[in-house]
Amino acid sequence: MSIKVIAFDADDTLWVNEPYFRRTEEAFYILLNEYLQQHALERELLKTEIANLKLYGYGVKGFILSMIETALQVTNNTIPAEIIGRILDLGKALLDEPIELLDGVEEVLGTLKERYRLVVATKGDLLDQERKLKKSGLNHYFHHIEIMSEKDDANYLKLVKHLDIQPDELLMIGNSLKSDIMPVLNIGGSAIHVPYHITWAHEQIEDTIDNDKFESIASIREILKMV
């Protein structure tokens, strides 16, 4: 591979993220359990989140608004103000969660930094992602931070242009086949999938990937044997 830049996804690739959302969702379902059963609430919340992506984008703030909207919908706008306040508190607590680096991340970044330009390529709320990166202590490993509204072919091409490289000189590493892998392969880059044990339903795909520029590994440390 003629790789010059290695890009890393952030959430659930560099640090823990989805388990915090799942824990918040569980608390939300408990708050509303007298109005609707959990499986129905799960369905309604996901539907609302996906519908709101075009308005709020990804991240905790959009998630908070979607929880409030779902609560209003399933209670026919009769939800007590106190419950709305507790939903807001759940969201604020989510924004303040600690950053827990995944095993092997610093070892991999420290080693690869000597040979490649490293970048973060993530999506979500700008302020929240900047806050998490600062709290992670990983800033010094990266040449560039790219926070996208959506991780699609067009935005990866913009990233490649900004970095002044060709698509085949980019290697993307991430946990989402939909956001981290498929778009990069589509533009001619290389991609390594590092699955995480929890994946948001909206990020799941059924496609089988057959591409000689694609690899899937069990641990981020395995990257050091490949590049």
Novice: When you compare the side chain of Met172 with that of Ile192, does any pair of heavy atoms fall below 4.5 Å?
Specialist: no
Novice: Among the clusters formed by ILVMFWY side chains lying less than 4.5 Å apart, do Trp15 and Leu126 turn up in the same one?
Specialist: yes
Novice: Under the 3.5 angstrom rule, does the side chain of Glu26 hit a backbone N or O of Arg22 as a donor-acceptor pair?
Specialist: no
Novice: Does one hydrophobic cluster hold both Leu41 and Leu88, with members joined at side-chain heavy-atom distances below 4.5 Å?
Specialist: yes
Novice: Side chain of Asp125, backbone of Leu127: donor and acceptor closer than 3.5 Å?
Specialist: yes
Novice: What distance separates Ile6 CD1 from Arg115 CZ, expressed to the nearest 0.5 Å?
Specialist: 7.5 Å
Novice: So do the side chains of Leu224 and Leu112 get within less than 4.5 Å of each other, counting heavy atoms only?
Specialist: yes
Novice: Indicate yes or no for a side-chain donor-acceptor contact from Asn33 to the backbone of Tyr29 under 3.5 Å, with no hydrogens or angles considered.
Specialist: no
Novice: Could you tell me whether a side-chain N or O of Asn17 sits under 3.5 Å from a main-chain N or O of Asp12, the two making a donor and an acceptor?
Specialist: no
Novice: With a cut-off of 6.0 Å (strictly less than), are more than 12 heavy atoms of other residues, nucleotides or ligands near NZ of Lys47?
Specialist: no
Novice: To the nearest 0.5 angstrom, please state how far the CD atom of Gln38 sits from the CD atom of Glu25.
Specialist: 9.0 Å
Novice: State yes or no: do Phe28 and Leu65 share one hydrophobic cluster built from I, L, V, M, F, W and Y residues joined by side-chain heavy-atom distances below 4.5 Å, directly or via other members?
Specialist: no
Novice: Report yes if the side chains of Pro19 and Tyr196 come closer than 4.5 Å at any heavy-atom pair, otherwise no.
Specialist: yes
Novice: In terms of the angle between their ring planes, are Phe8 and Phe142 parallel, tilted or perpendicular, with boundaries placed at 30° and 60°?
Specialist: perpendicular
Novice: Which one of Arg117, Lys4, Lys213 satisfies the salt bridge (Lys or Arg N to Asp or Glu O under 4.0 Å) criterion with Glu169?
Specialist: Lys4
Novice: Nearest 0.5 Å, what's the CG-CD1 distance between Leu133 and Ile99?
Specialist: 9.0 Å
Novice: Distance check, rounded to the nearest 0.5 Å: Ile87 atom CD1 versus Leu32 atom CG?
Specialist: 5.5 Å
Novice: Please check if Leu170 and Ile223 belong to a single hydrophobic cluster, counting links between Ile, Leu, Val, Met, Phe, Trp and Tyr side chain heavy atoms closer than 4.5 Å.
Specialist: no
Novice: Under the 3.5 angstrom rule, does the side chain of Tyr20 hit a backbone N or O of Pro98 as a donor-acceptor pair?
Specialist: yes
Novice: Measure across Leu90 and Ala27 and return the closest heavy-atom pair with its distance rounded to 0.1 Å.
Specialist: CD2-CB, 3.7 Å
Novice: What closest approach, in Å, do Val194 and Ile220 show between heavy atoms, and which atom pair accounts for it?
Specialist: CG1-N, 3.9 Å
Novice: Taking all heavy atoms of Ala191 and all of Leu171, pick out the closest pair and write down the distance.
Specialist: N-CD1, 3.8 Å
Novice: Will you find, in the side chains of Glu150 and Asn155, an N or O donor that is under 3.5 Å from an N or O acceptor?
Specialist: no
Novice: Taking all non-hydrogen atoms of both residues into account, name the closest pair between Pro167 and Leu157 and its distance.
Specialist: CG-CD2, 4.4 Å
Novice: Assigning hydrophobic clusters by single linkage (Ile, Leu, Val, Met, Phe, Trp, Tyr; side-chain heavy-atom cutoff under 4.5 Å), is Tyr141 placed with Ile147?
Specialist: yes
Novice: Would a 4.5 Å heavy-atom cut-off, applied to side chains only, mark Leu101 and Leu138 as touching?
Specialist: yes
Novice: In sequence, state the C-alpha distance, the side-chain angles, and the governing distance for Leu163 and His144, and then conclude on side chain to side chain contact (heavy atoms under 4.5 Å, CB included).
Specialist: CA-CA 9 Å; Leu163 295 169; His144 175 69; 4.2 Å; yes
Novice: Between the side chains of Glu49 and Tyr56, does any donor sit under 3.5 Å from an acceptor?
Specialist: no
Novice: Can you give me the closest heavy-atom contact between Leu118 and Leu109, atom names plus distance?
Specialist: CD1-O, 3.6 Å
Novice: Is Asp103 close to Arg221 at the side-chain level, that is, under 4.5 Å between some pair of heavy atoms?
Specialist: yes
Novice: Is it true that a side-chain atom of Lys151 and a backbone atom of Met148 form a donor plus acceptor pair closer than 3.5 Å?
Specialist: no
Novice: Does the structure place the NZ or CZ of Lys123 under 6.0 Å from the centre of the six-membered ring of Tyr58, at an angle of no more than 45° from the ring's axis?
Specialist: yes
Novice: Using a strict cut-off of less than 4.0 Å between a Lys/Arg side-chain nitrogen and an Asp/Glu carboxylate oxygen, indicate whether Arg23 and Glu97 qualify as a salt bridge.
Specialist: yes
Novice: Pro183 and Asp152: which non-hydrogen atoms are nearest, and at how many Å?
Specialist: CB-C, 3.8 Å
Novice: Given side chains that start at C-beta, do those of Val119 and Ile145 come closer than 4.5 Å, heavy atoms only?
Specialist: no
Novice: Dump the intermediate steps for side chain to side chain contact (heavy atoms under 4.5 Å, CB included) on His143 and Tyr116, then the final yes or no.
Specialist: CA-CA 10 Å; His143 166 79; Tyr116 303 94; over 6 Å; no
Novice: Could you walk me through whether Ile217 and His193 pass the side chain to side chain contact (heavy atoms under 4.5 Å, CB included) check?
Specialist: CA-CA 6 Å; Ile217 59 179; His193 182 224; over 6 Å; no
Novice: Determine, step by step, whether Leu14 and Ser136 satisfy the side chain to side chain contact (heavy atoms under 4.5 Å, CB included) criterion, reporting the C-alpha distance in whole Å, the side-chain angles of both residues, the deciding distance to 0.1 Å, and the verdict.
Specialist: CA-CA 9 Å; Leu14 299 178; Ser136 76; over 6 Å; no
Novice: Let's go through Glu222 and Lys225 carefully: what are the C-alpha distance in whole Å and the side-chain angles of both, what is the deciding distance for salt bridge (Lys or Arg N to Asp or Glu O under 4.0 Å) to 0.1 Å, and is it a yes or a no?
Specialist: CA-CA 6 Å; Glu222 293 181 38; Lys225 303 174 184 177; over 6 Å; no
Novice: Any heavy-atom pair between the side chains of Phe214 and Leu177 that's under 4.5 Å?
Specialist: yes
Novice: Any non-hydrogen side-chain atom of Thr13 less than 4.5 Å from a side-chain atom of Leu102?
Specialist: no
Novice: With rounding to the nearest 0.5 Å, note down the distance linking CZ in Phe63 to OG1 in Thr70.
Specialist: 9.0 Å
Novice: Should the pair Lys61-Asp128 be classified as a salt bridge under the 4.0 Å nitrogen-to-oxygen rule?
Specialist: no
Novice: Measure the CG-CZ distance between Leu31 and Arg86 for me, rounded to the nearest 0.5 Å.
Specialist: 5.0 Å
